[in-house]
Amino acid sequence: MMIPDRIKKFTVWDSINPGYLGLYRKVAGMAGVLIYIFVKWQQNIPDYFTKEKSEWVKLSDVKMYREGFGMDPKTKNKALRKLDKEGFIQVEYEPGKAPLVRLLLL
């Protein structure tokens, strides 16, 4: 898996647990790995206005694609359902909006 340069500049790589990567991959394949890395990365970026970090991350298809984590929306939703069912993440859905995700395994 190739890591985009704009992502390497963040210190999220220090906080990623390789064991969890394996678990996410076992449950949801590479889509699960990409979701885990994307959410960990976004959790380390403070909000523009409040300067606070959030546990919840919006998984917008457009933003994920723009940042190098693009995948088919059906693949993403299937992976989210699998990870939610196994208790790895918590997902909140609102009609017409991108799902909000919170990692339960950190």
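By convention here, the first residue in the shown sequence is residue 1. The structure presented is a predicted model; accordingly, all values stated were derived computationally and were not measured.
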Q.
Rounded at 0.5 Å granularity, tell me how far NZ in K26 sits from CG in L23.
A. 7.5 Å
Q) Which value, rounded to the nearest 0.5 Å, describes the distance between Y65 atom OH and D72 atom CG? A) 12.5 Å
Give every donor-acceptor pair under 3.5 Å between a side-chain atom in residues 74-84 and any protein atom, sequence neighbours left out.
unit_1, atom_1, unit_2, atom_2, d
K76, NZ, L59, O, 2.6
K76, NZ, D61, OD1, 2.6
N77, ND2, P73, O, 3.2

(Q) Do I35 and Y24 make a side-chain contact, defined as non-hydrogen atoms from C-beta onward lying under 4.5 Å apart? (A) no
Q) Do you know which two heavy atoms are closest between F38 and V57, and how far apart they sit? A)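 Heavy atoms only, the tightest pair is CE2-CG1, 4.2 Å.
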Q | Closest approach of S54 to Q43 (non-hydrogen atoms, all atoms of both residues) | A | O-CG, 3.6 Å
Q: Could you tell me how the ring of Y20 sits relative to the ring of Y36: parallel (under 30°), tilted (30 to 60°) or perpendicular (over 60°)?
A: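 Aromatic pair Y20/Y36 classed perpendicular.
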Q: Using the rule that two of Ile, Leu, Val, Met, Phe, Trp, Tyr join whenever any of their side-chain heavy atoms come within less than 4.5 Å, decide whether V27 and M71 are in one cluster.
A: yes
Q) Is V33 linked to I16 within one hydrophobic cluster, defined over Ile, Leu, Val, Met, Phe, Trp and Tyr using a side-chain heavy-atom separation of less than 4.5 Å? A)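 Yes, V33 and I16 fall within the same hydrophobic cluster.
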Side chains of residues 85-102: which donor-acceptor partners sit under 3.5 Å, not counting sequence neighbours?
unit_1, atom_1, unit_2, atom_2, d
Q90, OE1, R102, NE, 3.1
Q90, OE1, R102, NH2, 2.4
R102, NH1, E55, OE1, 3.1

**Q.** Listed partners of K58 passing side chain to side chain donor-acceptor pair (under 3.5 Å), at least two apart
**A.** none
